[in-house]
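Computed from heavy atoms alone, side chains included, the values below leave out hydrogens, waters and symmetry copies. Keep in mind it's a predicted model, so treat the numbers as computed, not measured.
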Amino acid sequence: MTATLSRRQFDVATTTLAFESEGETCRGRLYRPARPATPPVVVLGPDVAAERTFGYPQYAEQFARAGYAAFVFDYRGFGDSDSDDYHLVDTEMQLADWHAAVDRVRRLDGERRRVALWGYGLGGGHALSVAANRRVDAAIAVAPFVDGRAFARERSARYLARGVGAGIRDRLAGVVGRTRTVPVVGGREEFGLVPRPTGDAYLDCVPPESDWRNELPARSLLDLLRYRPLTEAEGVTCPTLLVAGNKDDIAPPAAVADAADRIDDSTLLRLPIGHTDALGPGLETAAAHQLAFLDGVLGE
């Protein structure tokens, strides 16, 4: 697989697209290429606690300019999507959002479309889980969070004690209708879900005009530690590209390689980058490989 961008460069139109997920409304942005008339659709899902504006439009635009429609959406409770639980990371709820997003674009404009899944970080883990449980044409998982246990092993005992303790207190507070939050990215001596220095790069992805708040319900961490899409990887039957960062401390590359080994039709790409670098300095290289993969699987 060569790291060269597709030769096709089409004009792109964008539009807001909404869909229902378990009675609530999710919203996203659809990127349409000028040609072909009914292109395959790539569904893009963000990382943990992230919104669709955090660098993901750069991928959507590149995919659309290469001739693929691309739909990047917000999970419920994030960005433009509805929910009473602001920034709650509930993996089962987010998986339901993924399935609803696929249903929405499967027959876009009344025409049945081929669908590829694309997820970053936690979204990458979701993409694998969805691909294991329904028929899709391809999947791309970038720096995918595939194993909460592997994530925990990379953390200090102090981190786990503070995080689990905060999560339990939040669960108890929920009994009386209250929420205890923790930072997504903490200060130098403050607990945060995403540890520094990775957290600094994470914050760099937040657009200056965003009203995103650096907090989430503490019980989110309890869900993440239990989440293991790795265990479903053997059920993925579509062609799958997994992109691992050799310097990734959120999605350990060994866990990503383990997931790749369990998928029959998989390609593992290792890059010398950290967890968020494929949204920044490593984007061009990562996108080139992904476009080559999509052309090989979905291209005419």
Legend entry - Distance-minimising heavy-atom pair for Ser266 and Ala260: OG-O, 2.8 Å
Legend entry - Flag for His275-Asp47: side-chain donor and acceptor within less than 3.5 Å: yes
Legend entry - pair Leu95-Val130: side-chain heavy atoms closer than 4.5 Å: yes
Inset, instruction - Please confirm whether the backbone N or O of Arg228 pairs with a side-chain atom of Thr231, one donor and one acceptor, at under 3.5 Å? - result: yes
Inset, instruction - Kindly compute the distance separating CG (Leu221) from CG (Leu193), expressed to the nearest 0.5 Å. - result: 6.0 Å
Inset, instruction - Examine the side chains of Arg27 and Thr16 and answer whether a donor and an acceptor come within less than 3.5 Å of each other. - result: no
Inset, instruction - May I ask you to say whether Asp170 pairs ionically with Arg178, meaning some side-chain N is under 4.0 Å from a carboxylate O? - result: no
Legend entry - Atom pair CZ (Arg52) and SG (Cys26), whose distance is rounded to the nearest 0.5 Å: 11.5 Å
Legend entry - Gln62 versus Glu284, side-chain donor and acceptor atoms under 3.5 Å: yes
Inset, instruction - Verify, without hydrogens or angle tests, whether Asp277 (side chain) and Gly274 (backbone) share a donor-acceptor contact under 3.5 angstrom. - result: yes
Inset, instruction - Find out whether Leu30 and Val72 are in side-chain contact, i.e. whether some heavy atom of one side chain is under 4.5 Å from a heavy atom of the other. - result: no
Legend entry - Within-4.5 Å side-chain heavy-atom neighbours: Phe63 and Leu294: yes
Legend entry - Pair Asn246-Ile273, side chain to side chain contact (heavy atoms under 4.5 Å, CB included): steps then yes or no: CA-CA 6 Å; Asn246 286 338; Ile273 59 176; over 6 Å; no
Inset, instruction - Run the salt-bridge test on Arg262 and Asp258 with the 4.0 Å N-O cut-off and return the result as yes or no. - result: yes
Inset, instruction - May I ask whether Leu128 and Met93 are part of the same hydrophobic cluster, defined by side-chain heavy atoms of I, L, V, M, F, W, Y residues being less than 4.5 angstrom apart, directly or through others? - result: no
Legend entry - Any side-chain heavy-atom pair of Arg219 and Thr179 under 4.5 Å: yes
Inset, instruction - Report yes or no: do Arg213 and His87 form a side-chain donor-acceptor pair below 3.5 Å? - result: no
Inset, instruction - Keeping the roles fixed (side chain from Tyr56, backbone from Tyr120), state whether a donor-acceptor pair exists under 3.5 Å. - result: no
Inset, instruction - Taking Asp11 for its side chain and Ala34 for its backbone only, find out whether a donor-acceptor pair lies under 3.5 Å. - result: no
Inset, instruction - State, yes or no, whether a side-chain contact exists between Leu122 and Gln94 at a heavy-atom distance under 4.5 Å. - result: yes
Legend entry - Gap separating the CG atom of Leu224 from the CG atom of Leu216, nearest 0.5 angstrom: 8.0 Å
Legend entry - Pro39 to Pro36 - nearest heavy-atom pair and separation: CD-O, 3.3 Å
Inset, instruction - Could you go through the side chain to side chain contact (heavy atoms under 4.5 Å, CB included) check for Tyr59 and Tyr31 one step at a time? - result: CA-CA 10 Å; Tyr59 280 98; Tyr31 296 71; over 6 Å; no
Legend entry - Rounded distance [0.5 Å steps], CD in Gln290 versus OG1 in Thr267: 12.0 Å
Inset, instruction - Find out whether the Lys NZ or Arg CZ of Arg153 is both under 6.0 angstrom from the six-membered ring centre of Phe151 and within 45° of the ring's axis. - result: no
Inset, instruction - Establish whether Leu268 and Leu241 are linked, either directly or via other cluster members, by ILVMFWY side-chain heavy-atom contacts under 4.5 Å. - result: no
Legend entry - Side-chain donor/acceptor of Arg180 to backbone N/O of Ala173, under 3.5 Å: no
Legend entry - Side-chain donor/acceptor of Trp212 to backbone N/O of Ala49, under 3.5 Å: yes
Legend entry - Leu88 and Arg76: CA distance, side-chain angles, deciding distance, side chain to side chain contact (heavy atoms under 4.5 Å, CB included) verdict: CA-CA 8 Å; Leu88 176 64; Arg76 279 175 284 168; over 6 Å; no
Inset, instruction - Indicate yes or no: does Asp74 engage Arg29 in a salt bridge with an N to O separation below 4.0 Å. - result: no
Legend entry - Heavy-atom neighbours of Arg149 CZ exceed 12 at 6.0 Å: no
Inset, instruction - Specify the closest pair of heavy atoms between Ala50 and Pro46, including all atoms of both residues, with the distance to one decimal. - result: O-CB, 3.8 Å
Inset, instruction - Determine, using the 4.5 Å side-chain heavy-atom cutoff (strictly less than), whether Phe293 and Leu242 are members of one ILVMFWY cluster. - result: no
Legend entry - Whether over 12 other heavy atoms sit under 6.0 Å from Glu209 CD: yes
Legend entry - Donor-acceptor under 3.5 Å (Asp90 side chain, Glu92 main chain): yes
Inset, instruction - Can you see which heavy atom on Gln58 is nearest to which on Leu279, and at what distance? - result: NE2-O, 3.7 Å
Legend entry - Separation of Leu225 CG from Arg155 CZ (nearest 0.5 Å): 10.0 Å
Legend entry - Nearest atoms (heavy-atom pairs only) where Asp84 meets Glu24: N-OE2, 4.0 Å
Legend entry - Beyond-backbone contact of Thr198 with Ile250, side-chain heavy atoms, under 4.5 angstrom: yes
Legend entry - Asp109 and Arg113 ion-paired at < 4.0 Å: yes
Inset, instruction - For residues Ala127 and Gly119, report the shortest heavy-atom separation together with the two atoms involved. - result: CB-N, 4.1 Å
Legend entry - Co-membership, hydrophobic cluster, residues Leu44 and Tyr202, 4.5 Å side-chain: yes
Inset, instruction - Say whether, by atom type as modelled, one donor and one acceptor occur between the side chain of Ser220 and the main chain of Val89 under 3.5 angstrom. - result: yes
Inset, instruction - Look only at the side chain of Tyr68 and the backbone of Asp295, and say whether a donor-acceptor pair between them is shorter than 3.5 Å. - result: yes
Inset, instruction - Please confirm whether the backbone N or O of Leu222 pairs with a side-chain atom of Tyr227, one donor and one acceptor, at under 3.5 Å? - result: no
Legend entry - Residues Ser129 and Glu232: side-chain donor-acceptor under 3.5 angstrom: yes
Inset, instruction - Could you tell me whether the side chain of Leu108 reaches within less than 4.5 Å of the side chain of Leu17, counting heavy atoms only? - result: yes
Inset, instruction - Start with the C-alpha gap between Asn214 and Val185, add the side-chain angles, then the distance that decides, and say whether side chain to side chain contact (heavy atoms under 4.5 Å, CB included) holds. - result: CA-CA 7 Å; Asn214 183 21; Val185 178; 4.1 Å; yes
Legend entry - Non-hydrogen side-chain atoms of Glu215 and Val184 separated by less than 4.5 Å: no
Legend entry - Separation of Ile140 CD1 from Thr240 OG1 (nearest 0.5 Å): 9.5 Å
Legend entry - Hphob cluster co-occupancy, Phe78 + Val194, side-chain heavy atoms under 4.5 angstrom: yes
Inset, instruction - Check step by step if salt bridge (Lys or Arg N to Asp or Glu O under 4.0 Å) holds for Arg114 and Asp137. - result: CA-CA 6 Å; Arg114 289 176 293 169; Asp137 296 279; 5.6 Å; no
